There are 2 protein chains.
Amino acid sequence: MEEREMRYFVAVAEEGNIGRAAQRLGIAQPPLSRALQLMERRLGADLLVRTPRGVELTTPGEVFLRESRAALDAVDAAERRTRRAVERPGAVVLAVKAGVATELLGRLLDAHAATAGASPVDLLLTEFGDSEPALRDGRADVALLHLPLDGAAGLDHVVVGSEDLVALLPARHPLTAREAVTLAEVAALPDLPPPRWRSPDGTVPHGPGPLVRDQVQLAQLVALGRTAAIVPRSCARSAPTLVDGVGRGVGVVTVMDAAPLTVVLAWPGHGTAAGVRRLVDTAVTVSGVDA
Amino acid sequence: MEEREMRYFVAVAEEGNIGRAAQRLGIAQPPLSRALQLMERRLGADLLVRTPRGVELTTPGEVFLRESRAALDAVDAAERRTRRAVERPGAVVLAVKAGVATELLGRLLDAHAATAGASPVDLLLTEFGDSEPALRDGRADVALLHLPLDGAAGLDHVVVGSEDLVALLPARHPLTAREAVTLAEVAALPDLPPPRWRSPDGTVPHGPGPLVRDQVQLAQLVALGRTAAIVPRSCARSAPTLVDGVGRGVGVVTVMDAAPLTVVLAWPGHGTAAGVRRLVDTAVTVSGVDA
DNA sequence: ACCGATTACGGGTGCCGTAATAATC
DNA sequence: GATTATTACGGCACCCGTAATCGGT
């Protein structure tokens, strides 16, 4: 089972159709079809069931898809991290979702910079759910994330802080006059349905709310009275200023009954580089908490 | 950077010598030498420094070695887990170091077997430090391990119990008359130096103690008055019976000042199969503790 | 009859092995 | 001079693409 075959299989599994997968891979169907058959013959079992409409995964196929993705990420990570070691020796890439835990991040970076022999830290600003994948495929070495980690992540982490949740509401909405609101109150606003985010796997949930890609869109939609959202407080801080020019505003109200989010510094556990270790050590001393 | 090249590079890094690596890989030196050069040209940096005696790693080379090992493990894991999914559908392989946490393991397996629709659990008995590698390269899906995990493992885990440490001493040694001993007392026995285990990476620590491979050897060496060892209590239970035929005996004494070992059920975090989830859930309910 | 997948066949890339060369102790 | 790594060259395997065939709706 070699790398090329795994890339082929993942493409086929994702497209559900050999022809489209071949197109995506930039090859013709026949070699792809043959490669799949060869893999199945070697395994002695089918990975795909051929339907008139395309292909579907068997149970072993699902296992192979999951494992192949992990393996291909690891392969890509090897090349990326090596290239980075060449181009920026000793540097550590820290992935952060834009706007999250800003002050915490600032403290961490300051403390790290004050460390003797501190390695340079490059920031990778990721969109929505992309910090964890970045860690896995080697674009980043360490990341600031919220618990819980998506899907039993297999990442080592230390807790570095927590932050509570707030509701973003149109500025003139009655609830903005309140000191605090509950999750239920926000959810019970039929004319302000919750926004929908694109999942990491590309699917989008159904619902009446607007589809948003980033914080700016969200802030604008809130200001325009199209949605209300629950976000970490550090994200809310920038929201009102983002829409200054719109002429309307965003109200920020504390959510009283939501458990605070735990912020962690996470990294792929296998064989950790010295630079990451030092950054983690700094984070532990800064936060005063440990894993 | 493809899989074949990574295997080449790992072999060279481990052998420290292109010729020997080629031999181990079953190819001739020239293609290996060329493959390495090609990789270095693509990266635009040296991975190896050529010495008259062989080769040594550069800093990027060390990064690439670490990442390549992880990637190759993941690639191997993909094939192994898929094959297992074909040959034993639904089965979960649990890795255990022979003799560890026996009663805990028994309770876990019994409880799991009593679960409705329980998947079959195959046991993989590993030697010394091999449970974690087995998890990484796909020989196992889940493992019983002691904390701390070796080298920031990147494994998810739940705590399932703990066990204290005991000293194994020759049966007629004066200390065996005691109710309990301290670590310092056992370490201070010059004629009973601690045994040396082969590390997972193949190196062996220096010291006066005998080199042991497994529990049987250890028990025999203790019975013969050549060493004294600190082991988890569950390992000690079998030791006296292992050397029954030797004519001498092994004494087991509680170590009072050693922190109990935490026993965890661990699994590779990325994309966990349903069977593993169910086993973990069972473990959580059995132990009544969580991560 | 169309879409999707598979078999058949020819061409080319690229990897490997043997042999010869260079460099260092 | 022995060991180790590199260059030169020829052969072969493997993979791909085009074209034709099979199967189902």
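This one's a predicted model, so the numbers in the text were calculated from it and none came from an experiment. Hydrogens, waters and symmetry mates are skipped; everything else that's a heavy atom, side chains included, is used.
- Of the charged side-chain nitrogens involved, none lies within less than 4.0 Å of a carboxylate oxygen, so that A:R84 and B:E67 do not count as a salt-bridged pair.
- Side-chain nitrogen and oxygen atoms of B:Q37 include at least one within less than 4.0 Å of the OP1 or OP2 phosphate oxygen of D:dT7.
- In this structure, B:D141 contributes its side chain and B:V93 its backbone to a donor-acceptor pair below 3.5 Å.
- If you measure from atom CG of A:D46 to atom P of C:dA5, you get 15 Å, rounded to the nearest angstrom.
- As rounded to whole Å, 18 Å separates atom P of D:dA2 from atom CG of B:N17.
- A:E2 contributes no side-chain N or O that, together with a main-chain N or O of B:R4, makes up a donor-acceptor pair within less than 3.5 Å.
- In this entry the distance linking CZ of B:R50 with C1' of D:dT4 reads 12 Å, nearest Å.
- Of all nucleotides listed (C:dG4, D:dG17, C:dT6), D:dG17 comes nearest to the side chain of A:I27.
- In this structure, B:D137 contributes its side chain and B:D73 its backbone to no donor-acceptor pair below 3.5 Å.
- Note: CG (B:L38) to P (D:dT6) measures 13 Å, nearest angstrom.
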Sequence-aligned protein contact record of nucleotides 18-25 of chain C, with B where the base is within under 4.0 Å of a protein heavy atom and S where only the sugar-phosphate is: BB----SS
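- The phosphate of D:dC14 (OP1 or OP2) has no side-chain N or O of B:R4 nearer than 4.0 angstrom.
- Rounded to whole Å, the distance from CZ on B:R20 to P on D:dT3 is 13 Å.
- For the OP1/OP2 pair of D:dC16 and a distance below 4.0 Å, the side-chain nitrogens and oxygens of A:Y8 include at least one atom meeting the criterion.
- The closest donor-acceptor contact from the side chain of A:H112 to the backbone of A:S119 lies under 3.5 Å.
- The CG atom of B:L36 sits 15 Å away from the C1' atom of C:dC16 (whole-angstrom rounding).
- Here C:dG4 presents its P atom at 14 Å from CG of A:L32, a figure rounded to the nearest Å.
- Contact annotation for A:G26: backbone-only contact, meaning every heavy-atom pair under 4.0 Å involves sugar-phosphate atoms and none involves a base.
- The distance between atom CD of B:Q23 and atom P of D:dT3, rounded to the nearest whole Å, is 13 Å.
- The main-chain N or O of B:F64 is found under 3.5 Å from a side-chain atom of B:S68 such that the two form a donor-acceptor pair.
- Of the side-chain N and O atoms in A:S33, none sit less than 4.0 angstrom from OP1 or OP2 of C:dA5.
- For B:E79 and B:R83, the salt-bridge test passes: some basic side-chain N is under 4.0 Å from an acidic carboxylate O.
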